[in-house]
Every structure is written in C-alpha cells, then in structure tokens.
Amino acid sequence: MSYSDSHKASIAPMMQYTDMHDRYLLRLISKKVFLYTEMVTTGAILYGKCFHQLEFNQEEHPVAVQLGGSDINDLVESSKIAEDYGYDEINLNVGCPSDRVQKGRFGACLMLEPNHVAECLSAMQENVSIPVSIKCRLGIDDHEEYEFLYNFVEIVKNSGINHFIIHARNGILKGLSPRQNRHIPPLKYDYVYQLKKDFPELDIVINGGIKTITDCHEHLKHVDGVMIGRAAYENPFLIQDIDSQIYGEPECKKSKKIILNQYLDYVEEKLNQGYDLSRMMKHLFGLSRGDKYAKTFRIKILEVIKKESIGPHRQELEDLLFY
C-alpha cells in the first residue's frame with residue numbers, strides 16, 4: 001500500500017492524549033486509521049533517557065512517532081532509536097507553537113528556517129529505512145500569505161521528503177496559548193488544496209477542524225489524506241466507519257460494550273505490569289459521547305479510578321453504554 005493510500009485517515013499527535021493506551025483504544029475501533037504518538041523530544045530520548053515515551057503496543061501498527069527537535073545529530077540518533085523500536089514512520093514536528101518548544105528552537109518557529117528543516121529531514125532520511133514526514137502550519141505570526149507556505153514547501157521538498165501534513169491554520173507564537181492556537185487562527189483549507197495543485201507529486205494530508213466522516217470525504221476530493229485531532233479523542237467512535245467508508249474495507253462494527261470490555265481487559269493486563277490506572281481510564285470518557293447516560297458513565301469512571309478497582313464496576317460501566 002502506498003503512503004497516500006495508508007494515510008487517507010490518521011489521528012493527530014496530541015500531547016497528554018495520544019499515548020500508547022489511547023492508541024490501543026483507537027485501534028480497537030479502527031484497524032486502518034494511521035496513528036501517531038504524542039510529540040517526543042530528542043532531548044527526552046537522548047539526554048533524559050525517557051524511553052518509556054517510545055513504548056507502544058504491537059497491535060497499534062501502523063503507528064508513527066513524532067519527534068520534536070532541531071539539532072541534526074540529535075534528530076538522526078533519535079530517528080535510529082525510533083526505527084529500532086519498530087515504528088512505521090518518523091514525523092518531524094514543525095507546528096507546535098508553545099513557549100517551551102520555541103525556547104528549544106523547534107516546533108512552529110522552524111518554519112522561519114526552511115533550509116535547516118530541509119537539512120534535518122535529509123539527514124534523518126539518509127539514516128533510516130522507514131518513511132520520514134513533516135507536520136507544519138500554514139505559516140507563523142504575520143506570515144499569512146500563501147507564498148510563505150509555498151516557499152517553505154518548495155525548499156523543504158528538496159530534502160527528498162514527499163510527505164507533508166499541514167495544519168490549516170497559522171501559528172501565533174506570541175499572544176496565544178497552544179489551546180488558543182487550535183481555535184483562534186482561521187482555517188484556510190484553500191491554501192492546502194492549492195498546495196496539492198502546485199505540488200501534485202507530493203503527498204498532502206490536511207489537518208484542522210475535521211469533525212465528521214462527511215468532512216473527510218470532502219477534503220479527500222482535494223488532498224491525499226485527512227488527519228483528525230480532538231474530535232477523535234472527544235468521541236472515539238467517530239472513527240468506527242473509517243475502515244469501510246474511507247478504506248473500502250468490509251463493514252465490521254463493534255458495539256461500544258464490546259470495545260469497553262476489550263479495553264478493560266487490556267487495562268487489567270497493563271495494571272499487572274505497573275501502568276497507571278487513571279492514565280488508562282481517562283481515555284474512556286469519550287466512549288459514551290452522545291449516549292443517554294454519558295455523564296453517569298464518566299462519573300463511574302472517576303469512581304473506578306478513585307477506588308482503584310475495575311472488576312466490581314465493569315458490568316455497571318457496560319450497562320451505562322447505549323449499545
């Protein structure tokens with residue numbers, strides 16, 4: 001399967017959200033959607049020795065790691081480590097607008113250094129055998145014109161990279177928080193559509209404000225793939241139709257009750273391995289989205305976390321789901 005075919009639908013890397021447990025839950029719902037880790041900094045890997053951030057379940061494939069960094073040697077070494085861990089792709093973060101990331105000279109601020117970004121990506125590709133991609137914004141601060149995005153891609157693609165994920169908003173580095181940057185800068189889907197027209201040889205994936213399968217179909221008329229963010233976390237069952245409607249696979253829906261029990265089996269197994277219950281259970285909050293007893297379901301999850309016990313409450317949780 002080509003890159004564009006495998007990336008028709010993907011889940012965005014989201015800090016504090018898309019950890020290995022959330023990705024496992026999402027994979028229970030969709031077998032085809034492409035998954036991404038939270039951003040992992042090269043410093044955490046090489047100097048903090050935080051290898052636990054690279055952990056993933058074999059069931060998650062296909063899954064990519066997103067790296068944050070700007071030092072070429074650090075990115076190369078981190079890429080090698082990620083490949084050794086078994087990831088299917090390495091993605092470079094050139095879109096995060098947080099103050100902490102800016103101080104480290106990586107994330108969205110790197111859009112002002114396209115030649116350096118190209119050098120980083122070129123070196124990464126030369127040292128691993130798996131695909132390397134980039135996730136960026138339309139521009140940053142007052143660089144709002146399409147020409148800025150065009151010039152950035154024109155330079156970066158000289159690295160030999162073919163895979164661009166574009167968050168269809170500008171990043172505002174001063175004055176807006178990361179959360180505000182996800183909502184306040186206006187979406188400019190037409191910029192991303194134009195990019196695909198101007199660079200038809202590139203694989204272009206669009207991200208930002210995509211909330212329904214209908215949205216996905218509309219975007220796929222213009223670009224190679226769609227990346228869903230917060231909507232898939234707040235309502236994971238949003239992706240239940242992706243396999244059949246986007247990838248053309250036979251329809252095979254599981255009920256929420258089945259997904260719940262499969263995930264709770266996973267949680268109990270991971271508890272025995274020393275993983276944190278609250279971190280794993282919080283990903284279930286959105287499973288009841290739209291159900292009659294959604295609020296009660298969430299309260300019950302909090303009770304499970306507080307009492308540190310799943311068994312006595314499993315049936316109660318199941319009964320609170322609609323189907």
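Atom set for the values below is all heavy atoms of this structure, side chains included, hydrogens, waters and symmetry mates excluded.
One finds no salt bridge joining Glu83 and Lys80 here, because no Lys/Arg side-chain nitrogen approaches an Asp/Glu carboxylate oxygen to under 4.0 Å. Taking a cutoff of 4.0 Å between a charged side-chain nitrogen and a carboxylate oxygen, Lys270 and Asp276 do not qualify as a salt bridge. Between Asp224 and Lys196, at least one side-chain nitrogen of the basic residue sits less than 4.0 Å from a carboxylate oxygen of the acidic one, meeting the salt-bridge criterion. The pair Arg23-Glu60 meets the salt-bridge criterion, with a side-chain N (NZ, NE, NH1 or NH2) lying under 4.0 Å from an Asp/Glu carboxylate O. A salt bridge links Lys300 and Glu303; the closest N-O separation between the charged side-chain nitrogens and carboxylate oxygens is under 4.0 Å. Using a cut-off of 4.0 Å between Lys/Arg side-chain N and Asp/Glu carboxylate O, Lys174 and Asp141 are scored as not salt-bridged. Ion pairing between Glu318 and Arg314 fails under the 4.0 Å rule for side-chain N and carboxylate O.
Between Tyr233 and Leu26 the shortest side-chain heavy-atom distance does not fall below 4.5 Å. Contact of the Asn91 side chain with the Ser133 side chain is registered, since non-hydrogen atoms from C-beta on lie closer than 4.5 Å. Side-chain atoms of Glu234 and Phe285, non-hydrogen and from C-beta on, never get closer than 4.5 Å to each other. The shortest distance between side-chain heavy atoms of Ile166 and Met227 does not fall below 4.5 Å. Looking at heavy atoms from C-beta onward, Lys188 lies in side-chain contact with Glu144 at the 4.5 angstrom threshold. Contact annotation: the side chain of Ile90 approaches that of Val128 to within less than 4.5 Å [non-hydrogen atoms, C-beta and beyond]. Counting heavy atoms from C-beta on, the side chains of Leu35 and Thr18 never come closer than 4.5 Å. Within the 4.5 Å cutoff, no side-chain heavy atoms of Asp319 are placed close to those of Tyr293.
No side-chain donor from either of Ser159 and Glu119 sits under 3.5 Å from a side-chain acceptor of the other. A donor and an acceptor atom, one from each side chain of Asp241 and Ser244, are nowhere located under 3.5 Å apart. Residues Tyr275 and Glu269 bring no donor and acceptor atom of their side chains to less than 3.5 Å of each other. Between the side chains of His283 and Asp19, at least one donor-acceptor pair of N or O atoms lies under 3.5 Å. A side-chain donor from one of Asp88 and His61 sits under 3.5 Å from a side-chain acceptor of the other.
Heavy-atom minimum distance, Lys256 versus Asp291: NZ-OD1, 3.0 Å. Taking both residues in full, the closest heavy atoms of Ile246 and Cys216 are given as CD1-CB, 4.1 Å, listed atom of the first, atom of the second, then distance. Nearest heavy atoms, Lys253 versus Gln240: CD-OE1, 3.8 Å. Between Tyr189 and Ala168, the shortest heavy-atom contact is CD2-CB, 3.8 Å. Listed here is the closest heavy atom pair of Ala232 and Ile11: CB-CD1, 3.7 Å. When all heavy atoms of Gly225 and Leu220 are compared, the closest pair comes out as CA-CD2, 3.7 Å.
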Go through it in stages, so that I can follow the logic: the residues are Phe34 and Tyr36, the test is ring-ring contact (aromatic ring centres under 6.0 Å, His included), and I'd like the CA-CA distance, side-chain angles, deciding distance and then a yes or no. CA-CA 7 Å; Phe34 207 99; Tyr36 285 79; 5.6 Å; yes

Please determine whether side chain to side chain contact (heavy atoms under 4.5 Å, CB included) holds for the pair Val226 and Lys8, giving the CA-CA distance in whole Å, both sets of side-chain angles, and the decisive distance to 0.1 Å. CA-CA 6 Å; Val226 294; Lys8 282 184 178 179; over 6 Å; no

Can you check side chain to side chain contact (heavy atoms under 4.5 Å, CB included) on Asp198 and Gln194, steps first, answer last? CA-CA 6 Å; Asp198 290 337; Gln194 186 61 47; 3.1 Å; yes

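Panel note: side chain Arg137, backbone Asn170; a donor-acceptor pair is recorded below 3.5 Å. The backbone N or O of Ser6 sits less than 3.5 Å from a side-chain atom of Tyr247, completing a donor-acceptor pair. The backbone N or O of Ser30 lies less than 3.5 Å from no partner atom in the side chain of Asp243, so there is not a single donor-acceptor pair. A donor-acceptor distance shorter than 3.5 angstrom exists from the side chain of Asn261 to the backbone of Lys257, with no hydrogens or angles considered. Although no hydrogens or angles enter the test, the distance criterion places a donor-acceptor pair under 3.5 Å between the side chain of Asn151 and the main chain of Glu147. Judged purely by atom type and a 3.5 angstrom limit, Arg27 uses its side chain to pair as donor or acceptor with the backbone of Val33. Listed for the Ser288 side chain is no donor-acceptor partner under 3.5 Å among the backbone atoms of Leu321. In this structure, Asp265 contributes its side chain and Gln262 its backbone to no donor-acceptor pair below 3.5 Å. With His7 contributing its side chain and Val205 its backbone, the two residues share no donor-acceptor pair below 3.5 Å.
Aromatic ring orientation, Tyr150 versus Tyr146: tilted (interplanar angle from 30° to 60°). Classification of the Phe152-Phe148 ring pair by plane angle, with boundaries at 30° and 60°, yields parallel. The aromatic rings of Tyr266 and Tyr24 sit parallel to each other, their planes meeting at less than 30°, with 60° as the upper class boundary. Under the 30°/60° scheme for interplanar angles, the aromatic rings of Tyr193 and His222 are found to lie parallel.
With Phe56 as reference, Tyr87 is the one residue of Tyr87, Phe51, Tyr85 to meet the ring pair (Phe, Tyr, Trp, His ring centres under 6.0 Å) rule.
We find the CD-CE distance between Glu55 and Met20 to be 5.0 Å, quoted to the nearest 0.5 Å.
A cation-pi arrangement is absent between Lys157 and Phe199, since the terminal nitrogen or guanidinium carbon is not both under 6.0 Å from the aromatic centre and inside a 45° cone about the axis.
In the displayed structure, Arg279 atom CZ is contacted under 6.0 Å by at most 12 heavy atoms of other residues, nucleotides or ligands. The environment of NZ in Lys295 is sparse: at most 12 heavy-atom neighbours from other residues, nucleotides or ligands sit within 6.0 Å. Lys254 NZ: more than 12 foreign heavy atoms inside a 6.0 Å radius.
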